[in-house]
There are 2 protein chains.
Amino acid sequence: MTVSSRGLDITTFLTEKAQSDSSEDFIIIRDPDIEEAAKLINHNRHRRVIIIYGKLKALYEGRAKASLDLAPRILILKPDGTLLIHESTKREPVIWQPPRAVNYACVEDGILTIKSTRTNPHETVKIEIPLPYFLGIFNVGMTENYKVMGTEKEIVDLLTRKIELVEKGLKVIAREYQTIAGSIDILAEDCNGNIVVIEVKRGMAGPEAVHQLKRYVEVLERTSQRPVRGILVAEDVSSSAYKYLREYGFKFVRITRRLLEDLQRQL
Amino acid sequence: MTVSSRGLDITTFLTEKAQSDSSEDFIIIRDPDIEEAAKLINHNRHRRVIIIYGKLKALYEGRAKASLDLAPRILILKPDGTLLIHESTKREPVIWQPPRAVNYACVEDGILTIKSTRTNPHETVKIEIPLPYFLGIFNVGMTENYKVMGTEKEIVDLLTRKIELVEKGLKVIAREYQTIAGSIDILAEDCNGNIVVIEVKRGMAGPEAVHQLKRYVEVLERTSQRPVRGILVAEDVSSSAYKYLREYGFKFVRITRRLLEDLQRQL
DNA sequence: AACTGTATGTCGATC
DNA sequence: GATCGACGTACAGTT
């Protein structure tokens, strides 16, 4: 690899599939020419995913503030404005910008520079890449209607349709019942005519879950003449959450993932 | 690009800098040979960051469950076990595995396959890449002692050293005072000898912040003979948080980022 | 290892 | 656009 070849080995690949499809073509450049890189980035920033590998410095200022000294890292720019700087560890980027940021490349003092700005809150990221080793530009898809199964919403759905799993004799009054204190997962009535507030948590319930339940119960106690009970439904409760449950006299109903999967198969 | 060249155009680049340093060498391969790719991935998975661009399917099973149909995406594997699948939008990966997952590549039915497993909780990701267009293997750094400035901890530090900003005449009793209900940011005493619980939030404080404060105050009221007051310190409060503040009779002290920056310069 | 609280949380839904 | 709660939250610090 000689300096003279810089910026010359730009290649666009159309694979067999892509020739008919043309959606998977991509550009990869090693040791890109600075000006060329800036131009390609600006040309593709709204259309494709851009990946840069190189030694870079970065500065973030906004809700908080952070800076990175010169080191080799991975920079990713997405068409929606997302900016990610990744290091060799962690699921989280060290520095980032969420969607709707405006990113553009320029050359400052002969250094490839990426500037990113977003508003509300106002936050900026400035990245200097004195040594860009690799530039990749890729067509990437986006899954519409992407669904994660086994979320709290799903559990609430299932339990609403088989409320006897929570307690025998319960009758559902409402789902996602809106109150001043927030939205109650399931509002029900027990066989003695008591109002029952049911708060559902997907995994391990912590103290906040119990306090949330407490707030809902308090709100309903003010507006309802009938006694109000609280039930927490979760896979498990932390010890301190359990303490609060007993203190407030709420009931805990354990559900297992297994049970829910069976239930889902039935319904 | 012909099929015959598949797997042959592997290149390792040592830039001028890197020749002495040897830390920034990297490998990029277009239309990698499946077997070769699997071998390279397994060889580098504990040492370098691996990026694959290609049409891929994925399946996640663990705390929840999700699947992705065949489409072009970016797959990243980090030496710490992190796995990320990114699409063209969002800051978040669509599917991922946090650090400490065990990832390896294999060829199943002629298809490049990545399998990832982690324990506690047990979660698996299986990725099939029938069309790998690009494989990149990069040496990436990791910033030691990375510091974000302007976090809550910092604000608590500053306020502890200049508690009169919260209220005149306050005397700090303890910082991070551990109670059964959690840790109180700052515990103080006012000029009338009342106990004061101070909860600090970095940005906008929501209802949870006020309820947290309430819990701390309640705990101290049980154990202390003296009256207990609550003060919420934040840049702002949401409307419902403010409602609760008034309901519980807590005080709100607004702090601005500007004020904190000035304060930091002073101290 | 379990538990607690913060986060530049991000994201989606609801108002 | 503001607000609120869930998240496969991740992550760090403490017991």
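Letters A, B, ... are given to chains in the order of the sequence lines, protein chains preceding strands, and every chain is numbered from 1. Any value given below was found using the heavy atoms of this structure, including those in side chains, with hydrogens, waters and symmetry copies removed.
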What is the separation between atom [atom1] on [X] and atom [atom2] on [N], rounded to the nearest whole Å?
X: B/E154; N: C/dT8; atom1: CD; atom2: P; result: 11 Å
X: B/H211; N: C/dT6; atom1: NE2; atom2: C1'; result: 18 Å
X: B/H122; N: C/dA1; atom1: NE2; atom2: P; result: 17 Å
X: A/I155; N: D/dA6; atom1: CD1; atom2: P; result: 12 Å
X: B/M204; N: C/dA7; atom1: CE; atom2: P; result: 15 Å
X: A/L68; N: C/dT8; atom1: CG; atom2: P; result: 13 Å
X: A/K147; N: D/dG8; atom1: NZ; atom2: C1'; result: 15 Å
X: A/E261; N: D/dG8; atom1: CD; atom2: P; result: 16 Å

With sequence neighbours left out, which residue pairs that include part of residues 60-71 of chain B fulfil the salt bridge (Lys or Arg N to Asp or Glu O under 4.0 Å) condition?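 Applying salt bridge (Lys or Arg N to Asp or Glu O under 4.0 Å) to every pair that reaches into residues 60-71 of chain B, excluding sequence neighbours, yields B/E61-B/K65, B/R63-B/E123.
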Could you name each residue pair satisfying salt bridge (Lys or Arg N to Asp or Glu O under 4.0 Å) that touches residues 203-215 of chain A, not counting sequence neighbours?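 Applying salt bridge (Lys or Arg N to Asp or Glu O under 4.0 Å) to every pair that reaches into residues 203-215 of chain A, excluding sequence neighbours, yields A/K214-A/E218.
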Residues that [X] engages under salt bridge (charged side-chain N to carboxylate O under 4.0 Å, His left out), provided they are two or more places apart:
X: B/E189; answer: B/R226
X: B/E128; answer: none
X: A/R100; answer: none

Pair up each side-chain donor or acceptor in residues 144-156 of chain B with any protein partner under 3.5 Å, not counting sequence neighbours, and list the distances.
unit_1	atom_1	unit_2	atom_2	d
B/Y146	OH	A/V94	O	3.1
B/E154	OE1	B/G150	N	2.7

Take atom C1' in C/dT8 and the same atom in D/dT14, then report the distance between them in whole Å.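 Roughly 25 Å separates the two C1' atoms.
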Could you measure between the two C1' atoms, the one in D/dA10 and the one in D/dA6, and give it in whole Å?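 D/dA10 and D/dA6 have their C1' atoms separated by 14 Å.
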Mind checking [X] for me? I need base, sugar-phosphate or nothing, with any heavy atom below 4.0 Å counting as a touch.
X: B/E176; result: nothing
X: A/A181; result: sugar-phosphate
X: B/K201; result: sugar-phosphate
X: B/G182; result: sugar-phosphate

Generate the contact string for nucleotides 10-15 of chain C. Rules: B means base contact, S means sugar-phosphate contact only, - means no protein heavy atom under 4.0 Å. SSS--S
Pair A/E167 + A/K251: basic N to acidic O under 4.0 Å: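 Looking at A/K251 together with A/E167, the answer is yes, because their closest N to O distance falls below 4.0 Å.
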Which ones in residues 212-219 of chain A lie close to DNA chain D, meaning a heavy atom under 4.0 Å from one of its atoms?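 Going residue by residue through residues 212-219 of chain A, the ones with a heavy atom under 4.0 Å of DNA chain D turn out to be A/Q212, A/R215.
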Just jot down the side-chain contact (heavy atoms from CB on, under 4.5 Å) partners of B/V102, sequence neighbours excluded, or say none.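 Result, side-chain contact (heavy atoms from CB on, under 4.5 Å) vs B/V102: B/R45.
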Could you work out, with side-chain contact (heavy atoms from CB on, under 4.5 Å) as the rule, every residue matching A/T256, not counting sequence neighbours?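 Listed in chain order: A/R258, A/L259.
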On DNA chain C, does the nearest nucleotide to B/Y146 precede the nearest nucleotide to B/N120 from the 5' side, or the other way round? Give the residue.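 The residue whose closest nucleotide sits nearer the 5' end is B/N120.
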Proximal nucleotide (of D/dA6, C/dT8, C/dT6) relative to the B/E152 side chain: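 Between D/dA6, C/dT8, C/dT6, the one nearest the side chain of B/E152 would be C/dT6.
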State, to 0.1 Å, how close B/I50 and B/I41 come at their nearest heavy-atom pair, and which atoms those are.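 In terms of heavy atoms, the two residues are closest at CD1-O, 3.6 Å.
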Could you tell me whether the side chains of A/N103 and A/S116 share a donor-acceptor contact shorter than 3.5 Å?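 A/N103 vs A/S116: donor-acceptor pair found between side chains.
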Give me each pair satisfying side-chain hydrogen bond (donor to acceptor under 3.5 Å, both in side chains) with a member in residues 238-247 of chain A, each pair once, sequence neighbours excluded.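 Every side-chain hydrogen bond (donor to acceptor under 3.5 Å, both in side chains) pair that includes a residue of residues 238-247 of chain A, provided the two are not neighbours, is A/E247-B/R222.
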On DNA chain D, compare the nucleotides closest to B/E208 and A/G203; which residue's is nearer the 5' end?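 Checking each residue's closest nucleotide, the 5'-ward one belongs to B/E208.
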Taking only heavy atoms on the protein side, list every residue of residues 237-259 of chain B lying under 4.0 Å from any atom of DNA chain C, sorted numerically.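 Per residue number, the list is empty: none.
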